[in-house]
Engineer: 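Before I ask anything, let me first share the structure, which is written out below as structure tokens.
As the structure is a prediction and not an experimental result, all values here were calculated from the model. Both ligands and their constituent atoms are indexed starting at 1 by order of listing.
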Amino acid sequence: MSDIATLTFEGKSYELPVVTGTEHERAVDISRLRQDSGLITLDDGYGNTGSCQSSITFIDGEKGILRYRGYPIEELAEYSTFPEVAYLLIFGDLPSPDELAEFRAMLTEHQFIHESMRHHFEGFPPDAPPMAILSAMINTAGCFEHELVEPSNDAQFKDQAARLLAKVRTIAAASYRMSMGLPVNYPRADLSYTANLVHLMFSMPNSYGEPSPELVRALDQIFILHADHEQNCSTSTVRMVASSQANLYASVAAGVCALWGPLHGGANMAVIEMLEHIRASGEPLEKFVQKVKDDPRHTRLMGFGHRVYKNFDPRAKIIKAACHQVLSKLGLKDPLLDIAVQLEETALRDPYFIERKLYPNVDFYSGIIMRAARIPMPMFPVMFAIGRMPGWIANWREVNMNAKSRIYRPRQIYVGPTARPYVKLADRVQGR
Ligand code: SDX
């Protein structure tokens, strides 16, 4: 295989190095292109542009492969836990029993938020969007943390990562409780990370019932499946902010804002709204699918399609199976699951979706499980953010540990007005 690409332009040839990754992906390194040829590249939406070389997550979109640090997502979802996957993503390998025990103890030790943060919650209107609260309160929590000095200092970084992971879940639950006018619960030392989330969100002073193991396991799997996903919109945002050497809290708070959009982490909520709409309308599914095909810019099949997966999103398969398991174990029936399954079958038979390689993505079924866990819909993107936190932390660290890291600063092609002289106010035409 050649490791040189040649570009010919205006009678001149330019040799560009070709980089090959450990999974044999190949990229033309254009770092010197402008210097050598005066040209830059243009790639709207970065669909064909690699922003970095990363060792954290690998996706093969054509084959529907997803691996965290080399471990297949199917095996991690089956055998691992969210704290263990967080450790794997952040530190690069599965922890030993002692390392995992130590990390879990750190998550327990740091799961409280500073008492004075409660006043900040009170400043939000009751109907404030949970993602706005989460982003603001992550930065607030950062104000109470000692400034991270050296990301390469394993011990210090482990402490900082554990603090952020532990507190983000407590912040999310507290924001929900405050929005409902309910007393804020305190974390319990005897519960796992995810079981504590269920406790923090739903326990009432007069009934500290134990969280359902089935639901806790399903939510833990949801967090595992959301933990990282290469250079998606929000992770790229975290890396962009990290490249300016902004601190960890500021960087992930920016990631929360990017994730909030309905085309990204807000899709899990949009899927449920879509399924509810279909159920309430009583329309045949084919009619809704036709509406999508007629005007996809206006009516998207939410939870379908992906920039990278042009085959099944492996996470969607796992979550779909988990939906059926959780609902049957809990003796629950959710009509929206039946509609989702029928909608998937209808779309996957339709040439419009087949030709565009549109398959269910991670968001298509995740909302069904969160409904079974009684998570309120506005909190769905927050659950995604809690799950994605380890991936953001790992990517922030990868940017900061790379000695060759430079501030991210893409170029552009200017298409606005060319040079023109200033026109004094008195000389301007009225009404323009
Ligand atoms: C996530 O990047 C990641 O890794 C993200 C994520 C992660 O873990 O971080 O996987 C999480 O964000 C999953 C995606 C959640 N979003 C949705 O489910 C929203 C619905 N999906 C689409 O908006 C869309 O598929 C995207 C945003 C996911 C991908 O957009 P692209 O790659 O820019 O695709 P596109 O808009 O260029 O679409 C290509 C074609 C177009 O048709 P044509 O113009 O060629 O005729 O496919 C059509 C689109 O109209 N299309 C859809 C569609 N998605 C794409 N048509 C109907 N319904 C859809 N959902």
Engineer: Counting only non-hydrogen atoms of the protein, does one fall under 4.0 Å from atom 42 (O) of ligand 1?
Structural biologist: yes
Engineer: Considering only the protein, which heavy-atom contact is closest to atom 2 (O) of ligand 1, and what is its distance?
Structural biologist: Asn232 CB, 3.4 Å
Engineer: Report, as yes or no, whether the 6.0 Å neighbourhood of atom CZ on Phe112 holds more than 12 heavy atoms from other residues, nucleotides or ligands.
Structural biologist: yes
Engineer: Select the closest option to atom 35 (P) of ligand 1 among Arg356, Arg300, Lys293, judged by heavy-atom distance.
Structural biologist: Arg300
Engineer: Given Asp294 and Gln290, is the side chain to side chain donor-acceptor pair (under 3.5 Å) satisfied, shown in steps?
Structural biologist: CA-CA 6 Å; Asp294 292 345; Gln290 190 55 51; 2.7 Å; yes
Engineer: Would you say Lys310 has any N or O atom under 3.5 Å from an N or O of ligand 1, going by distance alone?
Structural biologist: no
Engineer: Give a yes/no verdict on a cation-pi contact between Lys158 and Phe91, requiring under 6.0 Å between NZ or CZ and the six-membered ring centre and an angle within 45° of the axis.
Structural biologist: yes
Engineer: Within the supplied structure, the quantity of interest is the number of heavy atoms (other residues, nucleotides, ligands) at a distance under 6.0 Å from Glu109 CD; does it exceed 12?
Structural biologist: yes
Engineer: Pick out which of Val341, Leu327, Asn268 makes a side-chain contact (heavy atoms from CB on, under 4.5 Å) with Ile368.
Structural biologist: Leu327
Engineer: Would you mind telling me if ligand 1 is within reach of the side chain of Phe364, the backbone, both or neither, using heavy atoms under 4.0 Å?
Structural biologist: neither
Engineer: Could you identify the single nearest non-hydrogen protein atom to atom 14 (C) of ligand 1 and state the distance to 0.1 Å?
Structural biologist: Asn361 ND2, 3.5 Å
Engineer: Flag the pair Glu23 and Arg67 as a salt bridge only when some basic side-chain nitrogen lies within less than 4.0 angstrom of an acidic carboxylate oxygen.
Structural biologist: yes
Engineer: Among all protein heavy atoms in this structure, tell me which lies nearest to atom 12 (O) of ligand 1, with the distance rounded to 0.1 Å.
Structural biologist: His264 ND1, 2.9 Å
Engineer: Would you mind running through ligand 1 and noting each atom that sits below 4.0 Å from a heavy atom of Asp363?
Structural biologist: 1 (C), 13 (C), 14 (C), 15 (C)
Engineer: Regarding Lys291 and Glu286, does a basic nitrogen lie under 4.0 Å from an acidic carboxylate oxygen?
Structural biologist: no
Engineer: Test of understanding: given a 4.0 Å heavy-atom threshold, classify the contact between Leu358 and ligand 1 as side chain, backbone, both, or neither.
Structural biologist: side chain
Engineer: Hey, does Gly303 sit under 4.0 Å from ligand 1 if you only count heavy atoms?
Structural biologist: yes
Engineer: Identify, for atom 57 (C) of ligand 1, the protein heavy atom at the shortest distance, and state residue, atom and that distance.
Structural biologist: Val292 CG1, 3.6 Å
Engineer: For Arg315, is the nearest heavy atom under 4.0 Å from an atom of ligand 1?
Structural biologist: yes
Engineer: For atom 22 (C) of ligand 1, is the nearest protein heavy atom closer than 4.0 Å?
Structural biologist: yes
Engineer: So is Asp313 polar-close to ligand 1, meaning N/O to N/O under 3.5 Å?
Structural biologist: no
Engineer: Does any N or O of ligand 1 fall below 3.5 Å from an N or O anywhere on Met302, backbone included?
Structural biologist: no
Engineer: Show which atoms of ligand 1 fall inside a sub-4.0 Å distance from at least one heavy-atom site of Ala267.
Structural biologist: 15 (C), 16 (N), 17 (C), 18 (O)
Engineer: Hey, which atoms in ligand 1 end up nearer than 4.0 Å to a heavy atom of Gly305?
Structural biologist: 25 (O), 28 (C)
Engineer: Do any non-hydrogen protein atoms sit less than 4.0 Å from atom 32 (O) of ligand 1?
Structural biologist: yes
Engineer: Measure Leu263 to ligand 1 on non-hydrogen atoms and call it side chain, backbone, both or neither using the 4.0 Å cut-off.
Structural biologist: both
Engineer: Please confirm whether Arg388 approaches ligand 1 to less than 4.0 Å, judged on its heavy atoms.
Structural biologist: yes
Engineer: For atom 44 (O) of ligand 1, find the nearest protein heavy atom and state the residue, atom name and distance (0.1 Å precision).
Structural biologist: Arg297 NH2, 4.7 Å
Engineer: So Trp392 and Met389, side chain to side chain contact (heavy atoms under 4.5 Å, CB included) or not? Walk me through it.
Structural biologist: CA-CA 5 Å; Trp392 289 340; Met389 205 50 72; 3.8 Å; yes
Engineer: For residues Pro262 and Met302, report the shortest heavy-atom separation together with the two atoms involved.
Structural biologist: O-CE, 3.4 Å
Engineer: Would a distance-only check, ignoring hydrogens and angles, find a side-chain to backbone donor-acceptor pair under 3.5 Å from Arg279 to Leu336?
Structural biologist: no
Engineer: Could you check whether Arg188 makes a cation-pi contact with Tyr186, meaning its NZ or CZ is under 6.0 Å from the centre of the six-membered ring and within 45° of the ring axis?
Structural biologist: no
Engineer: Considering only protein heavy atoms, determine whether one is less than 4.0 Å from atom 60 (N) of ligand 1.
Structural biologist: yes
Engineer: In terms of residue, atom name and distance, what is the protein heavy atom nearest to atom 4 (O) of ligand 1?
Structural biologist: His229 ND1, 2.6 Å
Engineer: Flag the pair His229 / His306 as yes when their ring centroid distance falls below 6.0 Å, and as no otherwise.
Structural biologist: yes
Engineer: Where on Val308 is there a heavy atom closer than 4.0 Å to ligand 1, on the side chain, on the backbone, on both, or on neither?
Structural biologist: neither
Engineer: Starting from atom 56 (N) of ligand 1, what is the nearest protein heavy atom, named by residue and atom, and what distance separates them?
Structural biologist: Tyr352 OH, 2.9 Å
Engineer: For ligand 1, is any non-hydrogen atom under 4.0 Å from Glu230's backbone (N, CA, C, O), its side chain (CB onward), both, or neither?
Structural biologist: neither
Engineer: Would you call Tyr309 a ligand 1 contact, heavy-atom distance under 4.0 Å?
Structural biologist: no
Engineer: Checking the side chain of His226 only, and the main-chain atoms of Ile222 only, is there a donor and an acceptor separated by less than 3.5 Å?
Structural biologist: yes
Engineer: What's the shortest heavy-atom distance between Ser51 and Tyr408, and which atoms?
Structural biologist: O-OH, 4.3 Å
Engineer: Does atom CZ of Arg34 have more than 12 heavy-atom neighbours, drawn from other residues, nucleotides or ligands, at distances under 6.0 Å?
Structural biologist: no
Engineer: With heavy-atom distances below 4.0 Å as the criterion, list the atoms of ligand 1 near Arg307.
Structural biologist: 29 (C), 31 (P), 32 (O), 33 (O)
Engineer: Looking only at protein heavy atoms, which one is nearest to atom 20 (C) of ligand 1, and what is the separation?
Structural biologist: Phe304 O, 3.4 Å
Engineer: Give a yes or no on whether the ring-centroid distance for Tyr14 and Phe9 is below 6.0 angstrom.
Structural biologist: no
Engineer: Can you check whether Ala227's main-chain N or O pairs, donor with acceptor, with Tyr68's side chain at less than 3.5 Å?
Structural biologist: yes
Engineer: Heavy atoms only, cut-off 4.0 Å: how does His306 contact ligand 1, side chain, backbone, both, or neither?
Structural biologist: both
